[in-house]
Trainee: 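Right, I'll just put the structure down here and ask away after.
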Amino acid sequence: MTSRETFKVYQSGKLPFIINDLKRREEPLKVLMCNPEHFDIIDVKNIHMEGMASSLNKNKAIQQWDDLKSIYQKLVVEGLLKELKVIDGAKGCEDMVFCANQSFPYLTNSNEKTVWMSKMRHASRQNEVPFFEDFFKNLGYTPKHFKQTDLFEGMGDTIPHPGKQLLYGGYGHRSKTDAYEELSKELNVPIIALELINENFYHLDTCFVPLSETQVMLCREAFTAEGFALIQQCFDDIFEIPMDEAIQTFCLNAHVVTNNYTNQKAAIIQVGSTAAKDALEKCGYKIYEVETSEFMKSGGSVFCMKMMYY
Ligand code: ARG
């Protein structure tokens with residue numbers, strides 16, 4: 001397949017391309033966070049939130065968020081990241097701190113900064129989206145709105161292959177494949193749609209962490225056999241993380257950043273994992289362990305609490 005051909009969504013079988021032949025994609029190196037002032041647990045949007053409403057320790061949550069922010073600040077000072085911005089949480093938007101979900105920023109082939117705005121599953125979360133649309137508009141991005149789908153949760157479910165124009169799209173809980181059909185057509189990028197079959201892993205970013213062009217860590221039980229077979233075609237090394245570790249530590253919600261200009265690699269991960277830390281070390285990441293226990297009660301950890309942008 002040549003780059004002039006049209007790409008689409010792939011859900012099973014043999015892929016008509018090899019990773020090496022795909023176009024290069026620049027990695028975003030700027031980070032956005034949303035402050036947790038209005039963070040709360042008031043309902044059950046995912047299985048991790050069951051019975052958690054009364055157990056949230058807000059002061060502890062704020063401290064944990066501040067600690068995570070300090071790590072990002074340090075990575076900016078060290079030159080691994082380019083910039084950190086913080087958007088204010090809004091009253092009534094109790095999940096807005098999870099700012100990986102409201103949008104999907106993408107640099108097109110013609111170098112246009114676009115941002116695809118999410119169609120979130122829960123009504124209260126839909127209210128978060130316009131705040132992010134404004135943020136990106138102010139940075140000169142062109143906001144894009146899906147015509148086809150009613151479910152798409154941004155970077156929570158849509159994860160790029162490192163350095164390549166290829167996307168992985170989780171579906172089954174918070175996003176639908178018709179979103180990927182539209183995205184693939186509009187951006188002319190191949191998208192590998194991966195059905196998520198275990199409710200603990202309701203977003204792709206809870207079970208799948210690409211580490212380099214050839215390496216990925218994941219929890220196999222989150223995927224179908226067809227999905228796993230597609231992943232096997234895209235990576236040489238697959239580090240399988242035990243399901244218990246992935247559920248209990250949210251280690252597959254780690255945030256890994258590689259700066260190809262400075263050759264620095266950092267991974268920020270919830271404290272307590274072993275297999276995932278091992279994989280990160282093997283892949284040359286400098287590891288920063290953080291405590292995100294209060295946010296895990298809401299079903300999220302490091303990866304969900306930031307958005308990378310250009
Ligand atoms: N309580 C939030 C929800 O259920 C958590 C979102 C976590 N984000 C993520 N990308 N996994 O929507």
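Both backbone and side-chain heavy atoms feed into the values below; hydrogens, waters and symmetry mates do not. Order of appearance sets the numbers: ligands from 1, and atoms from 1 within every ligand.
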Trainee: Output yes when Glu245 and Lys277 qualify as a salt bridge under the 4.0 Å nitrogen-oxygen rule, no when they do not.
Mentor: no
Trainee: Just distances here: any N/O of Thr206 and N/O of ligand 1 closer than 3.5 Å?
Mentor: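 The answer is no, given that Thr206 and ligand 1 share no N or O pair closer than 3.5 Å.
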Trainee: Can you tell me if Phe303 has a non-hydrogen atom under 4.0 Å from ligand 1?
Mentor: no
Trainee: Please determine whether a side-chain nitrogen of the Lys or Arg among Lys185 and Glu182 lies less than 4.0 Å from a carboxylate oxygen of the Asp or Glu.
Mentor: no
Trainee: Please identify which atoms of ligand 1 are closer than 4.0 Å to at least one heavy atom of His203.
Mentor: 8 (N), 9 (C), 10 (N), 11 (N)
Trainee: Regarding atom 7 (C) of ligand 1: of the candidates Phe295, Tyr202, Phe39, which has the closest heavy atom?
Mentor: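 Selected option, by shortest heavy-atom distance: Tyr202.
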Trainee: Looking at Phe303, does the NZ or CZ of Lys306 lie under 6.0 angstrom from its six-membered ring centre and within 45 degrees of the ring axis?
Mentor: yes
Trainee: Got an N/O contact under 3.5 Å between Glu153 and ligand 1?
Mentor: no
Trainee: Just need the protein heavy atom nearest to atom 5 (C) of ligand 1, so name the residue and atom and give the distance.
Mentor: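 In this structure, atom 5 (C) of ligand 1 has Ser298 O, 3.3 Å as its nearest protein heavy atom.
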Trainee: Considering only protein heavy atoms, which is closest to atom 12 (O) of ligand 1, and at what distance to one decimal place?
Mentor: Arg125 NH1, 2.7 Å
Trainee: Do Ile269 and Val302 make a side-chain contact, defined as non-hydrogen atoms from C-beta onward lying under 4.5 Å apart?
Mentor: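 A side-chain contact is absent here, since even the closest heavy-atom pair is not under 4.5 Å.
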Trainee: List every atom of ligand 1 that sits less than 4.0 Å from any heavy atom of Gly299, numbering the atoms from 1 in the order shown and giving each element.
Mentor: 7 (C)
Trainee: Between Glu27 and Arg25 (salt bridge meaning N to carboxylate O under 4.0 Å), is one present in this structure?
Mentor: yes
Trainee: What I want to find out is whether Lys119 reaches Glu153 closely enough, with some N-O distance under 4.0 Å, to be called a salt bridge.
Mentor: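 A salt bridge is absent here (no side-chain N lies under 4.0 Å from a carboxylate O).
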Trainee: How close does the nearest protein non-hydrogen atom get to atom 10 (N) of ligand 1, and which residue and atom is it?
Mentor: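 That would be Asp205 OD2, 2.5 Å.
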Trainee: Do the charged groups of Lys45 and Glu94 touch, with an N to O distance under 4.0 Å?
Mentor: yes
Trainee: Would you say the rings of Phe146 and Phe152 are close, in the sense that their centroids are separated by under 6.0 Å?
Mentor: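 Yes, the ring centres sit under 6.0 Å apart.
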Trainee: In terms of atom number and element, which parts of ligand 1 are under 4.0 angstrom from non-hydrogen atoms of Gly156?
Mentor: 10 (N)
Trainee: In the protein, which heavy atom is nearest to atom 2 (C) of ligand 1, and how far is it?
Mentor: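 Of the protein heavy atoms, Asp95 OD1, 3.3 Å lies nearest.
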Trainee: Starting from the C-alpha separation in whole Å, work towards a yes-or-no answer on side-chain contact (heavy atoms from CB on, under 4.5 Å) for Phe39 and Trp65.
Mentor: CA-CA 11 Å; Phe39 172 54; Trp65 185 88; over 6 Å; no
Trainee: Out of all atoms in ligand 1, which are within 4.0 Å of some heavy atom of Asn101? Include the element for each.
Mentor: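 Under 4.0 Å from Asn101, ligand 1 has these atoms: 6 (C), 7 (C), 8 (N), 9 (C), 10 (N).
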Trainee: Counting neighbours of NZ on Lys58 that are heavy atoms of other residues, nucleotides or ligands and sit closer than 6.0 Å, is the number greater than 12?
Mentor: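 Yes, the 6.0 Å shell around NZ holds more than 12 heavy atoms from other groups.
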Trainee: Using a 3.5 Å cut-off on N or O atoms only, is Lys45 in polar contact with ligand 1?
Mentor: no
Trainee: Checking a contact table here: which protein heavy atom is nearest atom 9 (C) of ligand 1, and how many Å away?
Mentor: Cys304 SG, 2.8 Å
Trainee: Using heavy-atom distances only, which candidate in Met49, Met96, His122, Arg174 approaches atom 4 (O) of ligand 1 most closely?
Mentor: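 It is Arg174 that holds the nearest heavy atom.
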Trainee: Any N or O of Asn253 that comes nearer than 3.5 Å to an N or O of ligand 1?
Mentor: no
